[in-house]
A.B. asks: 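The structure follows.
Naming convention: chains lettered A, B, ... in sequence-line order (proteins, then strands); numbering from 1 in each chain.
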Number of protein chains: 2
Amino acid sequence: MELSVAEENYIKAIYSLSQSGKVSTNDLAQAMQTKASSATDMLKRLGEKALVNYVKYQGVSLSDAGNRVALKTIRKHRLWEVFLVNKLQFGWDEVHEIAEELEHVRSAKLTEKLAEFLGDPRFDPHGDPIPNSAGELPKHSVKTLGECKTGEQLILQRVNDGNPEFLQYLERIALHLGEKLKIKSQYTFDNSVEIERQDGSVLMLSETVTNNLYVIEQ
Amino acid sequence: MELSVAEENYIKAIYSLSQSGKVSTNDLAQAMQTKASSATDMLKRLGEKALVNYVKYQGVSLSDAGNRVALKTIRKHRLWEVFLVNKLQFGWDEVHEIAEELEHVRSAKLTEKLAEFLGDPRFDPHGDPIPNSAGELPKHSVKTLGECKTGEQLILQRVNDGNPEFLQYLERIALHLGEKLKIKSQYTFDNSVEIERQDGSVLMLSETVTNNLYVIEQ
DNA sequence: AATTATTTTTAGATTTGCCTAAAAATATAT
DNA sequence: ATATATTTTTAGGCAAATCTAAAAATAATT
């Protein structure tokens, strides 16, 4: 089936929102920066194409076919991000927008040749997992630094890539994926956290920051 | 100005058709595989945007702005073809369709970084010249093998990339860009040509073939 | 020059994806 | 439980890009 760019984008949004249960029309409209009535229109169409399970007033979820579309699109998006950063030397804060366009290029052969060219990467430049050609996602952290306890020794595995300014901030303080961290102290009045880095230096991170850094145990 | 994919494609078609004078609505419609009425609609819109000089019933030509759009799009198309062939190991007969999609990705920074990554190539895999970032085209051959005389010593510089089967045929007989050729004989009854190759072997080419091979003098 | 043929444009529909405004359904609060 | 607020859907429109069929303009022919 030949999907439009708009259809693919809605499916991606539903995929991402449905990590936390069924998706409401309003939430979807907000994620798509559009009006609820537009979302309703699209849900009807996606329902007719059997890409979503949609019942009026009951919210929506992806069908198996819809899920495959979502994962295929996410795979392409993240592979292109790897290309842009690793091969074209873009900064990790610059690639999201461009990948949003590249992900809609249709050729499946292109996707697979690109993956091979990049060495079949399993994670994108922000640490987000790249589905393989069968649509399987590598395991990845869902635990934020904000959820951890004082004394824990951690590795930064993934960062939220939703905000370029946040990524620029991380670049500024040279906080990179794979870095080992230890929580020195936590301040309950504002949930800020003091961490010790590999080189022994110490860093103070706000709650907003720690909620957008995903870690694994060292 | 933010142009749609359709607008960019019409502009490319007008550019390519206007190599041989002013472009008629019918020719444009045929090139775009659409109806004359659709072409008329688009010409009005492009006229309003000052990308073409369009007067009812008088045909159309590109304005300076339209010309810049055409060259920019051609630059992107041909750079992506180089990427697909040189980096992803696609065959030269497989890349046109994919590049038709990639050429519409908007980021100018992407184009320039891609060009740099590829070593600022001046010609695409079919020998077509790639406009530089200022929109200047490298010199390229406009003389077909079919126009040459017996005894001439030539170099194959460019091939018509319009037909994948033609490209596959050239691959089959291993006729590659840069190869030195000598015309041994020409047959006037069907305009076929016998050429001698570098390795001394001899090849018989039909008129259709020689009209789609562009050469320079050796 | 008048007729015929061809090309081009206009008029009116269709589809996709969006909008606003109003109506209907569901959720919340008193 | 009734009233109020919120969410969701419907109804009706708009713009882009296409189509068919008919009208208008231009070109070709006798």
A.B. asks: Nearest whole angstrom, please: distance from the P of D:dA16 to the CD of B:E2.
C.D. replies: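 That distance rounds to 14 Å.
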A.B. asks: Would you say the rings of A:H96 and A:H77 are close, in the sense that their centroids are separated by under 6.0 Å?
C.D. replies: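 Yes, ring centres under 6.0 Å apart.
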A.B. asks: Could you walk me through whether B:E103 and B:V5 pass the side chain to side chain contact (heavy atoms under 4.5 Å, CB included) check?
C.D. replies: CA-CA 9 Å; B:E103 74 187 8; B:V5 169; over 6 Å; no
A.B. asks: Honestly, is A:K87 close enough over A:F117, meaning NZ or CZ under 6.0 Å from the six-membered ring centre and within 45° of the axis?
C.D. replies: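 Flagged: A:K87 positioned over aromatic ring of A:F117.
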A.B. asks: Kindly determine whether A:H126 and A:N160 satisfy side-chain hydrogen bond (donor to acceptor under 3.5 Å, both in side chains), including the steps that lead there.
C.D. replies: CA-CA 7 Å; A:H126 316 101; A:N160 186 320; over 6 Å; no
A.B. asks: Touch check for A:T34, heavy atoms < 4.0 angstrom, all strands: base, sugar-phosphate only, or nothing?
C.D. replies: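 The answer is sugar-phosphate, as A:T34 gets under 4.0 Å only of primed atoms, P, OP1 or OP2.
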A.B. asks: Do we see a donor-acceptor contact under 3.5 Å between the side chains of B:E207 and B:T210?
C.D. replies: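 There is no such pair (donor and acceptor under 3.5 Å, judged by atom type) between the side chains of B:E207 and B:T210.
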A.B. asks: Taking the six-membered ring for Trp, are the ring centroids of B:Y15 and B:Y10 within less than 6.0 Å of each other?
C.D. replies: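 No, the ring of B:Y15 stays outside the 6.0 Å limit from the ring of B:Y10, centre to centre.
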A.B. asks: Does the protein touch nucleotides 5-12 of chain C at the base, only the backbone, or not at all? Give it as B, S and - per nucleotide, heavy atoms under 4.0 Å.
C.D. replies: --SBBB--
A.B. asks: Kindly indicate whether a cation-pi arrangement holds for B:K113 with A:F90, taking the cut-offs as under 6.0 Å to the six-membered ring centre and within 45° of the axis.
C.D. replies: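 Verdict for A:F90: a cation-pi partner in B:K113.
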A.B. asks: Please work out which residues in residues 99-106 of chain A have a non-hydrogen atom less than 4.0 Å from an atom of DNA chain D and list them by number.
C.D. replies: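 None, since no heavy atom is under 4.0 Å.
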A.B. asks: What is the distance, to the nearest angstrom, from the CG atom on B:L46 to the C1' atom on D:dA16?
C.D. replies: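 Result: 12 Å.
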A.B. asks: Before accepting this row, confirm whether a basic side-chain N of the pair A:E8/A:K72 lies closer than 4.0 Å to the acidic partner's carboxylate O.
C.D. replies: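 Salt bridge absent between A:E8 and A:K72.
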A.B. asks: Rounded to whole Å, how long is the line connecting atom NZ of A:K35 with atom P of D:dC14?
C.D. replies: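 Nearest whole value for this atom pair: 17 Å.
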A.B. asks: Separation of B:E48 atom CD from D:dA15 atom C1', in whole Å?
C.D. replies: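 To the nearest whole Å, that distance equals 12 Å.
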